J.: 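Before anything else, here's the structure in question.
Values in this document were obtained by computation on a predicted structure and should not be read as measured data.
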Amino acid sequence: MSSSGPSKAVAAGSGLVLLVLASGQFLMTLDSSVMNVSMADVAEDLDTPITGIQTAITLYTLVMATLMITGGKVGTIIGRRRAFGIGLVIYGVGSLTTALAPNLTVLLLGWSLLEGIGAALIMPAIVALVAGNFPAERRSSAYGLVAAAGAMAVAAGPLIGGAVTTFASWRYVFAGEAVLVVVILFTLRRIDDVAPAKVRIDLIGSVLSVLSLGMIVYGVLRSSEWGWVQPKPGGTELAGLSPVVWLLLGGMLLLYVFVRRQNHLAETGGEPLVDPALFRNRQLTGGLTMFLGQFTVQAGVFFTVPLFLTVVLELDALQTGLRLIPLSVALLLAAAGIPKIWPRANPRRVVRAGMTAMIVGILFLVAGMDPGANASVVAVPMVLMGLGLGALASQLGAVTVSAVPDSQSPEVGGLQNTASNLGASLGTALVGSVLIATLSTSVIAGINAHPDVAPAVKQQASTELAAGVPFLSDTQLQEVLRDNAVPEQRAAEILAVNEAARLDALRVAFFVTALLAIAALFCTGRIPRRPQGGSDPAN
């Protein structure tokens, strides 16, 4: 830490320091929530299917997940404030590139890659800079306010993105982010730095972690197009099997090599990328597992609900954002209210109650996907989801940070961000792939069940559609049918098949998300029973 120490920030300008760090956290969280509510408009603007935007969302969180720990190490070497500044510059360039993107490729470069790299430098630095600018007695409160800024981004993102997309363009959101980056850069000098330390980056471990996690998530992402084990008809295959199974096997093998290497470095006095001893901490692994579960479920819901509103019901981005307000309000009330009303609440009980609320909310969505469904069907589920997410947000950060000494808080921050972003990446990839695969199967089944379609046509349609059916609104599909001069009666039959298939796909996607949430519930046993400051007998 610099010689000025935390006392300087507390004596003068600590409010500004907190505002700067919270603004950085707000930026990091805003992107995904904006993109989710605007993805139908972005897809149309860039002339790409919904699966293209699914890929962008998945790769954005994947880049962050795979580089977060390495980004933390870079910050240790060059200084946290400098890492924060460099990350902001990269992030700002990425935001501007995204705002000007003419196609999906440039969007992937600007948003998924550059912004992801910038975030991997910024987010670990925020954790360390809070510790370096605030004394121990104020640190917990500062961490809570920074986390609240992230929750505000989740809450406000749909409304901001919806309003800007509807009345102007989604591009202005990313242009505005670039402007905010410049403002934050001008205030960096007010933050006390955390002095660099002489450490080495395990480059081999970094490459292994990036490749292993990247292969696993990319395999899940492509499962709807390639098939899980058996290749889709006419699709890509490798040694007679789908490339997905090879990606998953290769990723798991590389992940095993990564773990063995980290253990070897720790045992021989080297400097591992991640201290293996952290994973023997029951409380820490419990918190990290729940972060992974929470963000997997959250990403699945945030991907599918906007699709239902924007594609099935054809609401504009602002109307979609308004329908998500109940989630935003409930999230903020629960995240802020639970610590205030029940400061000594049992964390394990709160987390279980929160996850249960999310499960009930998702099951309401499963039951609500019928031909007569309208926007009101999401109101109660969004309140339950918001209460559940807020309950988890009120506990999990304190659970992970309090599990280790202050000196290890930056490393824990990196692991926490890795778990969160890996969960978001897996959730978007898995639920999106299930959605598209179910849609393809339902459309094929609808065509095959139609008596007027010739067998040869059914066979051709099955082969062509097996690679994935685009998630289209009725209006978009009508335009395609009209452009191809499809007779009116036949067009009406295709529209009916597509409408039923979309609801089937959404129902299955929500059901899979509920299963993921139930699986996470099994992992709550490692969350301590006593709040921060107490000793848990289970630990």
J.: Would you kindly say whether Asp202 and Gln262 are connected by a side-chain donor-acceptor distance under 3.5 Å?
T.: yes
J.: Taking the side chain from Thr296 and the backbone from Gly427, do they hold a donor-acceptor pair closer than 3.5 Å?
T.: no
J.: Quick one: does Ser206's side chain get under 4.5 Å of Ile201's, heavy atoms only?
T.: yes
J.: When Val305 is tested against each of Leu506, Leu324, Thr310 for side chain to side chain contact (heavy atoms under 4.5 Å, CB included), which residue passes?
T.: Leu324
J.: Counting only N and O atoms by type, is there a donor-acceptor contact under 3.5 Å from the side chain of Thr400 to the main-chain atoms of Leu284?
T.: no
J.: Backbone N or O of Leu129 within a donor-acceptor pair of the Arg81 side chain at under 3.5 Å?
T.: no
J.: Can you confirm whether Met215 sits close enough to Leu249 that some side-chain heavy atom of one is under 4.5 Å from a side-chain heavy atom of the other?
T.: no
J.: Find out whether Tyr218 and Val244 are in side-chain contact, i.e. whether some heavy atom of one side chain is under 4.5 Å from a heavy atom of the other.
T.: no
J.: For Glu177 and Thr98, which I'm curious about, is there any donor-acceptor pair between the side chains at under 3.5 Å?
T.: no
J.: For Phe26, is the CZ atom crowded, meaning more than 12 foreign heavy atoms sit under 6.0 Å from it?
T.: yes
J.: Working to the nearest 0.5 angstrom, can you tell me the gap between Ser23 OG and Leu88 CG?
T.: 10.0 Å
J.: Within the side chain of Asn281, is there an N or O that forms a donor-acceptor pair under 3.5 Å with the backbone of Val404?
T.: no
J.: When you measure from the side chain of Arg323 to the backbone N and O of Ala379, does any donor-acceptor pair fall under 3.5 Å?
T.: no
J.: Ignoring hydrogens and geometry beyond distance, is a side-chain donor-acceptor pair present between Thr285 and Arg526 at under 3.5 Å?
T.: yes
J.: Heavy-atom distance under 4.5 Å between the side chains of Arg529 and Arg349, does that happen here?
T.: no
J.: Is the side chain of Thr524 donor-acceptor paired with the backbone N or O of Ala520 at a distance under 3.5 Å, no angle test?
T.: no
J.: Taking C-beta and beyond as the side chain, do Leu254 and Phe258 meet within less than 4.5 Å on heavy atoms?
T.: no
J.: So, taking the atom named CG in Leu255 and the one named CG in Leu248, what distance separates them when rounded to the nearest 0.5 Å?
T.: 12.0 Å
J.: Please round to the nearest 0.5 Å and tell me the distance separating atom CZ of Arg507 and atom CG of Leu365.
T.: 11.5 Å
J.: Tell me which pairs pass side-chain hydrogen bond (donor to acceptor under 3.5 Å, both in side chains) where either residue lies in residues 374-394, with sequence neighbours left out.
T.: Asn374-Ser376
J.: Aromatic rings Trp111 and Phe174: how do their planes relate, parallel, tilted or perpendicular, breaks at 30° and 60°?
T.: perpendicular
J.: Within a radius of less than 6.0 Å around CZ of Arg352, do more than 12 heavy atoms belonging to other residues, nucleotides or ligands occur?
T.: yes
J.: Main chain of Val220, side chain of Ser433: is a donor-acceptor contact present, judged purely on distance under 3.5 Å?
T.: yes
J.: Could you state the interatomic distance from CG (Leu292) to OG1 (Thr418), rounded to the nearest 0.5 Å?
T.: 11.0 Å
J.: When you measure from the side chain of Thr166 to the backbone N and O of Ala163, does any donor-acceptor pair fall under 3.5 Å?
T.: no
